[in-house]
> 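Right, I'll just put the structure down here and ask away after.
Note that the coordinates shown come from a computational prediction; the quantities given were computed from them, not determined experimentally.
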Amino acid sequence: MKEKLEQIRDEAIALAKKASDMNTLNDVKVKYLGKKGELTSVLKSMKDVPKEERPKVGQMVNETREEIENILEEIKTSIETELREAKLKEEVIDVTLPSKKNKIGHRHPNIIALEEVERIFVGMGYEVVEGPEVEYDLYNFEKLNISADHPAKDEQDTFYINKDIVLRTQTSPVQARVMEQGKLPIRMIAPGRVFRSDEVDATHSPSFHQVEGLVIDKNISFADLKGTLEIFAKELFGENTKTKFRPHHFPFTEPSAEVDVTCFKCGGKGCRFCKGSGWIEILGCGMVHPHVLEMCGIDPKEYTGFAFGVGLERIALLKYEIDDMRLLYENDIRFLKQF
């Protein structure tokens with residue numbers, strides 16, 4: 001029996017040492033230590049061993065099993081170490097190689113311009129208010145003194161969802177919503193996206209952004225409007241900027257005006273940027289029409305106010321000397337990284 005156990009041990013150790021991978025090593029373990037292995041067969045034949053020799057033979061079987069298990073464990077550790085080292089060699093990183101440069105996002109010129117406008121008006125005590133982009137015809141037109149037959153309601157200019165709901169063509173509906181709440185006085189600006197049925201070109205887009213302002217209080221005059229916009233222009237374009245008001249017409253303001261500022265490239269002398277005039281148009285404004293105040297539940301005999309609206313893209317185009325509005329929406333990283 002002793003010779004047989006020694007033979008089994010030697011064969012198992014010899015096969016284990018030849019194993020070069022875990023599968024082969026596992027096959028050796030199953031062959032000699034498994035349920036149907038060589039040592040298990042020896043244990044099954046213990047019934048043929050004389051009773052007085054069984055303890056000694058059992059001890060020899062256990063010692064043989066232990067020797068085989070120890071050898072298998074040593075070889076297993078050796079194989080695992082070799083595999084790990086081989087994997088590390090494959091995954092080695094050459095720190096001298098040039099790395100891939102991470103591209104970092106950039107602030108959009110529209111956002112930069114909006115933050116600048118908000119900073120100026122918040123500094124003057126204005127509140128920033130937002131409203132829905134999908135708006136009722138009532139707020140987008142009627143409460144702003146735009147009648148049913150007004151050209152601005154033409155389907156060529158307005159995106160209609162149905163006869164009562166539109167994509168807002170301006171942010172003025174936010175002003176109407178705030179006025180009808182009756183919390184006076186009001187000092188607010190309403191920035192946001194608006195929609196008009198325009199063809200895409202260098203100066204037009206069917207979707208763009210506006211910032212509209214509104215002040216309602218007692219004894220508000222056109223002089224307050226002029227002073228406010230003069231401060232705004234100087235803060236935005238520089239201390240030496242001058243403003244010029246030209247008469248105009250808007251349905252929701254009376255009197256109304258368009259505002260020009262001196263060209264910040266030539267200082268008003270005339271250049272290619274301002275087409276030789278020395279002035280650049282930036283926004284429209286006026287005193288809130290008394291009928292608009294009435295429709296929003298405000299007594300025009302006690303309260304007056306002014307409103308103004310400026311295109312956010314126009315500010316960005318002027319301030320950063322961008323000659324094509326489409327650049328603002330193409331997400332070209334070469335353009336955006338300049339900001």
Side-chain angles (χ1 to χ4, degrees), residues 114 116-131 138-147 150 152 168 170-192 210-262 279 281-312 315:
L114 176 59
E116 180 70 5
V117 172
E118 289 182 347
R119 180 192 65 79
I120 294 169
F121 282 105
V122 169
M124 291 193 284
Y126 284 62
E127 179 185 5
V128 179
V129 182
E130 295 182 349
L138 173 68
Y139 289 101
N140 196 74
F141 294 118
E142 291 184 33
K143 283 186 177 286
L144 299 176
N145 204 31
I146 299 175
S147 58
H150 194 280
R168 67 181 181 187
Q170 54 204 352
T171 52
S172 298
V174 182
Q175 300 175 5
R177 287 177 174 274
V178 172
M179 281 192 286
E180 73 175 10
Q181 292 175 8
K183 297 178 181 179
L184 301 171
I186 298 170
R187 285 177 178 81
M188 57 160 281
I189 58 170
Q210 282 188 343
V211 181
E212 303 218 14
L214 175 70
V215 172
I216 303 291
D217 204 346
K218 295 179 180 179
N219 303 316
I220 296 295
S221 68
F222 202 91
D224 297 312
L225 171 60
K226 289 184 67 177
T228 299
L229 295 182
E230 283 177 3
I231 293 173
F232 168 64
K234 289 179 182 294
E235 287 284 333
L236 190 63
F237 297 112
E239 186 61 34
N240 296 323
T241 303
K242 297 178 181 178
T243 55
K244 179 174 69 176
F245 289 73
R246 294 180 286 104
H248 198 68
H249 170 72
F250 298 111
F252 34 85
T253 55
E254 181 61 38
S256 304
E258 286 190 335
V259 181
D260 300 338
V261 297
T262 48
W279 296 90
E281 178 188 330
I282 61 165
L283 57 82
C285 64
M287 300 300 294
V288 179
H289 198 292
H291 188 47
V292 172
L293 294 174
E294 287 178 347
M295 287 189 291
C296 293
I298 297 174
D299 186 355
K301 295 179 181 179
E302 185 176 1
Y303 289 93
T304 55
F306 63 76
F308 56 87
V310 58
L312 189 60
I315 291 178

> If you take all heavy atoms of Phe250 and Ala257, which pair is closest and at what distance?
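Taking Phe250 first and Ala257 second, the nearest heavy atoms are CE1-O, 3.6 Å.
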> Got a sec, which residues hit side-chain contact (heavy atoms from CB on, under 4.5 Å) with Lys242, two or more places apart in sequence or on another chain?
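With neighbours one apart ignored, the set is Thr262, Trp279.
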> Taking only residues two or more places apart in sequence or in another chain, which ones pass ring-ring contact (aromatic ring centres under 6.0 Å, His included) with His249?
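His249 satisfies ring-ring contact (aromatic ring centres under 6.0 Å, His included) with no other residue.
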> So, do Met287 and Glu254 sit near enough that their side-chain heavy atoms are less than 4.5 Å apart?
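No - every pair of side-chain heavy atoms lies 4.5 Å or more apart.
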> Who pairs with Phe308 by ring-ring contact (aromatic ring centres under 6.0 Å, His included), at least two apart in sequence or on another chain?
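For Phe308 the ring-ring contact (aromatic ring centres under 6.0 Å, His included) partners, ignoring immediate neighbours, are Phe121.
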> Would you say Arg168 and Val174 make side-chain contact, with heavy atoms under 4.5 Å?
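Yes, at least one pair of side-chain atoms sits under 4.5 Å.
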> Mind checking side chain to side chain donor-acceptor pair (under 3.5 Å) for Thr171 and listing every partner two or more places apart, or none if nothing turns up?
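Partners of Thr171 by the side chain to side chain donor-acceptor pair (under 3.5 Å) criterion come out as none, since no residue qualifies.
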> Please report the shortest heavy-atom distance between Cys285 and Thr253, naming the atom on each side.
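Heavy atoms only, the tightest pair is O-OG1, 4.0 Å.
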> Mind checking the CE-CD spacing from Met188 to Glu127? Nearest 0.5 Å is all I need.
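One finds 8.0 Å between CE of Met188 and CD of Glu127.
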> Locate the shortest heavy-atom distance separating Thr228 from Met124; write the atom from each residue and the value.
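Reported closest heavy-atom pair: CG2-CE, 4.1 Å.
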> List the residues meeting ring-ring contact (aromatic ring centres under 6.0 Å, His included) with Tyr139, not counting sequence neighbours, and say none if there are none.
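For Tyr139 there are no ring-ring contact (aromatic ring centres under 6.0 Å, His included) partners, ignoring immediate neighbours.
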> Listed by chain and number, what are the salt bridge (charged side-chain N to carboxylate O under 4.0 Å, His left out) partners of Arg119, not counting sequence neighbours?
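Glu116, Glu235.
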> Any non-hydrogen side-chain atom of Asp224 less than 4.5 Å from a side-chain atom of Val215?
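A side-chain contact under 4.5 Å is absent here.
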> Return all side-chain donor-acceptor pairs below 3.5 angstrom for residues 297-306, not counting sequence neighbours, or 'none' if the list is empty.
unit_1, atom_1, unit_2, atom_2, d
Asp299, OD1, Lys301, N, 3.0
Glu302, OE2, Lys218, NZ, 3.2
Thr304, OG1, Ile220, N, 3.0
Thr304, OG1, Ile220, O, 2.7

> How many angstroms lie between CG in Leu214 and CE in Met179, if you round to the nearest 0.5 Å?
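One finds 5.5 Å between CG of Leu214 and CE of Met179.
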> For His291, what residues pass the side-chain contact (heavy atoms from CB on, under 4.5 Å) criterion, not counting sequence neighbours?
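In terms of side-chain contact (heavy atoms from CB on, under 4.5 Å), with neighbours along the sequence ignored, His291 is linked to Asn145, His289, Glu294, Met295.
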> So Ile120 and Tyr126, side-chain contact (heavy atoms from CB on, under 4.5 Å) or not? Walk me through it.
CA-CA 9 Å; Ile120 294 169; Tyr126 284 62; over 6 Å; no
> Output all residues satisfying side-chain contact (heavy atoms from CB on, under 4.5 Å) with Val128, sequence neighbours left out; order by chain, then residue number.
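Applying side-chain contact (heavy atoms from CB on, under 4.5 Å) to Val128 gives Glu118, Val122, Ile189, Pro191.
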> Which residues pass the side-chain contact (heavy atoms from CB on, under 4.5 Å) test with Val310, not counting sequence neighbours?
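In terms of side-chain contact (heavy atoms from CB on, under 4.5 Å), with neighbours along the sequence ignored, Val310 is linked to Val211, Leu283, Ile315.
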> Might you confirm whether atom NZ of Lys226 has over 12 heavy atoms from other residues, nucleotides or ligands at distances under 6.0 Å?
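Open: at most 12 neighbouring heavy atoms sit under 6.0 Å from NZ of Lys226.
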> Which distance, rounded to the nearest 0.5 Å, do you find between the CD of Glu230 and the OG1 of Thr243?
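If we round to the nearest 0.5 Å, Glu230:CD and Thr243:OG1 are 4.0 Å apart.
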> For a 4.5 angstrom cut-off between non-hydrogen side-chain atoms, does Pro251 reach Leu144?
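They are not in side-chain contact.
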> Could you work out, with salt bridge (charged side-chain N to carboxylate O under 4.0 Å, His left out) as the rule, every residue matching Glu281, not counting sequence neighbours?
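Scan of Glu281 (salt bridge (charged side-chain N to carboxylate O under 4.0 Å, His left out), adjacent residues dropped) gives Arg246.
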> Test Ile282 against Asp260 for side-chain contact (heavy atoms from CB on, under 4.5 Å), laying out the working first.
CA-CA 6 Å; Ile282 61 165; Asp260 300 338; over 6 Å; no
> Are the side chains of Gln210 and Leu312 in touch, meaning some heavy atoms are under 4.5 Å apart?
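No, every pair of side-chain atoms sits at 4.5 Å or beyond.
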> Sequence neighbours left out, what pairs pass salt bridge (Lys or Arg N to Asp or Glu O under 4.0 Å) with at least one residue falling in residues 176-188?
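For residues 176-188, and leaving out neighbouring residues, the salt bridge (Lys or Arg N to Asp or Glu O under 4.0 Å) pairs sorted by first residue read Glu135-Arg177, Lys143-Glu180, Arg187-Asp217.
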> Nearest 0.5 Å, please: how far is SG in Cys296 from CD1 in Ile216?
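So the gap between those two atoms works out to 8.5 Å.
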